Amino acid sequence: MRWPDEIRDAAAAAPPATDIDDSEVDGAVALIDAMTTEDRTQFRDEYRTVLEELISAKTEHRKPQRVGAAPESASGQVVDLMAALNASVEQARATRGESGERATGHEMPQPKKTAAAKKTTEKKIPTRKTRKVG
């Protein structure tokens with residue numbers, strides 16, 4: 001149940017009228033024709049197939065089989081990521097013709113220590129003391 005002020009006129013929700021050219025209609029029809037295909041064998045409703053299997057399994061009181069599920073990895077190998085990274089880096093160096101030695105660089109000059117700047121003292125503003133009443 002709605003109050004009269006909550007009800008809006010349906011005409012207010014209608015889209016505004018627009019003028020359409022014949023060329024726009026021809027372009028829309030051409031687009032629809034280009035996207036339409038008569039060969040419906042390439043389309044399959046996987047959701048419906050899985051749903052029908054689930055329904056039949058439940059009516060027969062059995063566990064449904066996993067249709068279309070990704071195959072699980074049977075190897076169970078744990079990959080050492082650091083070893084794989086190091087092997088990849090070494091392989092990249094070998095293809096570039098680099099040696100396995102680290103690059104040498106120039107010694108960086110150490111900055112000179114200077115006297116520490118004096119700290120300025122800030123003026124402290126006295127706080128106002130409050131008295132308890134009562």
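Numbering starts at 1 and runs along the sequence shown. In this text, all values refer to a predicted model and were calculated from it rather than measured experimentally.
- Within the 3.5 Å criterion, the main-chain N or O of Ile55 finds a donor-acceptor partner in the side chain of Thr59.
- The environment of CZ in Arg2 is sparse: at most 12 heavy-atom neighbours from other residues, nucleotides or ligands sit within 6.0 Å.
- In this structure, CG in Leu51 is found 12.5 Å from CD in Glu46, a value given to the nearest 0.5 Å.
- More than 12 non-hydrogen atoms from other residues, nucleotides or ligands lie less than 6.0 angstrom from CD of Glu6.
- Scanning both residues, Pro64 and Glu53, for their nearest heavy atoms gives CA-OE2, 4.1 Å.
- Summarising the geometry, atom CG belonging to Leu54 is positioned 12.5 Å from atom NZ belonging to Lys63; distances are rounded to the nearest 0.5 Å.
- Arg96 pairs by the side-chain hydrogen bond (donor to acceptor under 3.5 Å, both in side chains) definition with Glu98, not counting sequence neighbours.
- Within the hydrophobic cluster formed by Ile, Leu, Val, Met, Phe, Trp and Tyr side chains joined at under 4.5 Å, directly or through other members, Leu31 is accompanied by Met35.
- In the displayed structure, Gln110 atom CD is contacted under 6.0 Å by at most 12 heavy atoms of other residues, nucleotides or ligands.
- Applying the side-chain hydrogen bond (donor to acceptor under 3.5 Å, both in side chains) definition to pairs two or more places apart or across chains, none involves residues 11-24.
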